[in-house]
Amino acid sequence: MSNKDSIQKCTGLVVPLGALYSKENPVIGEFPDLKIFSDFCKECGISIIQLLPVNDTGTQSSPYSGLSAFALHPIYIRIKSISGFDELYKSNPQFAKNYDNFINNNNYTNRYDYDSILNSKIKLLKELYETTEAGKSGKADEALAKWIKSNSWVKTYAVYKDLKWNYMQASWKSWIETDQYKTDAEINALWNTMAFKKEHLFYAWLQMIADQQFSDAVAYVKKNKILIKGDMPILMNEDSCDAWAYPEFFNQNLRAGSPADGENPEGQNWGFPTYNWKNLKENDYSWWKERLKQASRYYDAYRLDHILGFFRIWAIPSLDLSALTGHTEPYAAIKKDKLYEIGLDDDRIRWLSQPHIPTSVIEDITWNHDAAHQILATFCNQIKGEELWLFDPSIKGSKIILDADISELCHPDAVDRVKKILIDYWANRTLIEITKNNFVPVWTYSRSTSWQSLNQQEKKSLEELFAELDKKNEKLWRKQADEIFSALTESVKMIPCGEDLGVNIQCVPDVMKKHNILGLRVIRWCRNWSEGGQPFIPFKNYPALSVTTSSVHDSSTIRQWWHDEKTSVEAFVRANPKFFSIDASPEKDASTFELAVSTITSGEFTPAIAEAILKAAATSNSLWDICPLQDYLYLSKKYWLEDASDERINIPGTVTSFNWTYRLPASIEELIEDKDLINKIKNITKRN
């Protein structure tokens, strides 16, 4: 199936599982809901259902903050479908009351309460588990024992979950040292400890139930001749079972993120550890292969999140707040000898690679020279005979500055301003010395004080070295990705897709094509950004090995885009006039054409406009066209929420109860009965 020729052109939709809402299940979308949902999709001519990640994320609602690469999220288990539920409900009034309260206290709203639902479900599931043989005796029955034998990863997961429960969900990094680090033998010994067996088997039982329900739903979906596409977050939470159990595969001293750009002047620090690809390679990428093998039990295709990270990841020291002092992993470095060759001496190299802080920048806040010296002496060493300071080697990152107590050294109102200045200077450099005598340029080096002090010849010489690094890095990144994808994509039969948004690495398209990995094309962003006017790329020019979509989970929906980004909208309509019934041509009748564009784009968003956008996307040359369900629901105004912003799934850079808790505005049963909506979707899924 990984061969391009076996991938058929078809249309799908994206939905978070938790968003599904049925009359039988009014609380949160669950695995069995995929059955009736696939009936709706079949009626619409939808042939791919793409799910956002469904792995266990613990207390985090974000599906990209994985607690386990293998375990399914118990929040998606349907309790009343578990064997023994009916008997317990009838025989135990307290359980029946607890279950009824769970249903009644979580009545339908536009967003569901993740914490409340998860906590209530776990309590109910524990009550139900107590009626099983494992719950009564601490011994697995035949079915559970057989399942555990076929899913050996669950032992590590169960031990971790039980420890985490006992530590009141605290990060494993705060556990006592003997629990922070366990060998395979020690984890296995804990699993076999009878005193903990009942608790361990509870987590294994949960995973067996989740697997049974998901597998049953998947089989039904496939009978409807619909493919299921899963989502594989590239990174794991630092507080995950995998980071705890397989420390050799993760760099705990580095955090993944992205470098500075126009919207993020300090870059992004995602807080997740980076991979130790060297160790993964030496282990034949076994952890990743097992992860894909587990996913292939349910999915026909998979999406590799942030595929750029397989080429190179933006790695940030764990003690730094922003991404400004990050670097790529892997990286090519400039050796100190090279800097000598272009005429830089040790003092000049120090000037470029270490922030030099003038006393005056702190004195301007404290209005006191001695106080400024006392503050700077807390973090820095003064350069002899100068009012300049260098950070002390003990200062390993900006978090140390933020956490320092300087309340006795300056007025309370000045503390935050002083720290901000020091943190700003921490990243104020041209070069970073990654390892001894090996340097890389700071991503924002041109903004640094030291760069701006250089003469033109010095700048030219350094830029030539930076250009050489770029070429070396391209080779490094191509080699790494090629090795990884050669190992991973051939290990399973699932069709690989990659989220390649914002890619500016030349080798990425070639490597993805070589391994038959479908890229992603978000229509509003598919433009030739380097050309004058930044024209939209014609749909016919989209690569066949790609997935076209109208929106993504991190973006606004097409309705919000239409309202909030008029410049982009106008350019899109101007580039695709036929879909909006504009007969005039800009070449033959420019004034009439511009009037038509202005009239359409200045008006309100309508179901007809939604249909035009979705139909335009469906004409792309991409093999797959997969748009969010919300965008399809715009074909009928009765499914619109009052505020368009409430219809999006996630707002990047924020952590709130709003994110990742979207619910359908109508039950699946209502959608199935809406023949008008179904017919409108059918007209799009024909892929004209």
Side-chain angles (χ1 to χ4, degrees), residues 53 55-58 60 64-71 151-161 163-164 171-173 175 177 179-188 190-191 231-257 269-296 302 304-318 326-331 434 476-477 479-492 496 498:
N55 290 83
D56 188 3
T57 57
Q60 301 291 318
Y64 294 95
S65 186
L67 201 70
S68 169
F70 301 93
N151 296 271
S152 58
W153 57 265
V154 81
K155 297 178 183 179
T156 299
Y157 169 76
V159 169
Y160 169 81
K161 287 284 283 190
L163 283 168
K164 198 163 178 62
S171 167
W172 63 263
K173 291 189 172 184
W175 301 352
E177 191 171 347
D179 284 339
Q180 285 183 31
Y181 304 100
K182 296 284 187 185
T183 64
D184 288 344
E186 289 171 332
I187 291 172
N188 198 50
L190 269 179
W191 164 261
D231 199 320
M232 303 286 288
I234 181 177
L235 300 165
M236 298 301 302
N237 195 308
E238 68 171 329
D239 186 29
S240 66
C241 169
D242 301 86
W244 171 73
Y246 311 107
E248 68 273 20
F249 296 152
F250 298 87
N251 293 319
Q252 289 292 348
N253 60 330
L254 294 172
R255 295 291 175 269
N269 186 337
W270 301 328
F272 299 141
T274 63
Y275 286 113
N276 187 323
W277 287 113
K278 180 177 179 291
N279 286 350
L280 281 162
K281 180 181 178 181
E282 289 176 356
N283 204 252
D284 195 29
Y285 303 101
S286 59
W287 180 84
W288 262 102
K289 286 180 178 179
E290 285 300 313
R291 189 180 179 191
L292 288 173
K293 181 181 176 182
Q294 177 74 2
S296 69
Y302 62 104
L304 290 170
D305 173 52
H306 189 59
I307 201 167
L308 183 61
F310 291 90
F311 292 80
R312 60 90 169 146
I313 200 77
W314 189 251
I316 306 153
S318 59
H327 63 278
T328 64
E329 286 277 347
Y331 65 88
I434 305 291
L476 281 176
W477 301 338
K479 182 175 183 291
Q480 173 171 287
D482 193 35
E483 289 176 348
I484 294 171
F485 295 144
S486 292
L488 301 190
T489 59
E490 297 302 320
S491 69
V492 290

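Basis for what follows: all heavy atoms, side chains included, without hydrogens, waters or symmetry-related copies. Everything quoted here is computed from the prediction, not taken from an experiment. One is the number of the first residue; the rest follow in order along the sequence.
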From [atom1] ([X]) to [atom2] ([Y]), nearest 0.5 Å:
X: R255; Y: L235; atom1: CZ; atom2: CG; value: 11.0 Å
X: L476; Y: R312; atom1: CG; atom2: CZ; value: 12.5 Å
X: R291; Y: S491; atom1: CZ; atom2: OG; value: 12.0 Å
X: F70; Y: W287; atom1: CZ; atom2: CH2; value: 6.5 Å
X: F272; Y: S65; atom1: CZ; atom2: OG; value: 4.0 Å
X: I307; Y: I484; atom1: CD1; atom2: CD1; value: 10.0 Å

message: Using the salt bridge (charged side-chain N to carboxylate O under 4.0 Å, His left out) criterion, which residues pair with D284? Sequence neighbours excluded.
response: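 Per chain and number, D284 pairs via salt bridge (charged side-chain N to carboxylate O under 4.0 Å, His left out) with K289.
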
query: Looking at residues at least two apart in the chain, or sitting in another chain, which of them share a salt bridge (charged side-chain N to carboxylate O under 4.0 Å, His left out) with D242?
result: none

According to side-chain hydrogen bond (donor to acceptor under 3.5 Å, both in side chains), who are the partners of [X], at least two apart in sequence or on a separate chain?
X: T57; answer: H73, Y114
X: E282; answer: K278
X: T274; answer: N251
X: Q252; answer: K173

Does a side-chain heavy-atom distance below 4.5 Å link [X] with [Y]?
X: N188; Y: D184; value: no
X: Y157; Y: K155; value: no
X: T328; Y: F311; value: no
X: M236; Y: F250; value: yes
X: K164; Y: W175; value: yes
X: Y331; Y: E329; value: yes

Using ring-ring contact (aromatic ring centres under 6.0 Å, His included) as the criterion, list what pairs up with [X], not counting sequence neighbours.
X: Y64; value: H553, W660
X: W314; value: W443
X: Y285; value: none
X: F310; value: W277, W288, F485

field: Residue list, side chain to side chain contact (heavy atoms under 4.5 Å, CB included) with D482, at least two apart or on another chain
entry: S486, K514, H515

field: K182: side chain to side chain contact (heavy atoms under 4.5 Å, CB included) partners, not counting sequence neighbours
entry: D179, E186, I187, L190, W244

message: Under a plain distance cut-off of 3.5 Å, with no hydrogens placed, do S68 and N55 share a side-chain donor-acceptor pair?
response: no

Short question: side chain of [X], backbone of [Y] - any donor-acceptor pair under 3.5 Å?
X: D239; Y: W172; answer: yes
X: Y160; Y: L67; answer: no
X: E238; Y: P273; answer: no
X: W191; Y: T156; answer: no

Can you see which heavy atom on [X] is nearest to which on [Y], and at what distance?
X: N279; Y: N276; answer: N-OD1, 3.0 Å
X: S240; Y: G66; answer: CB-O, 3.4 Å
X: E248; Y: A245; answer: OE1-O, 4.5 Å
X: G326; Y: P317; answer: CA-CD, 4.4 Å

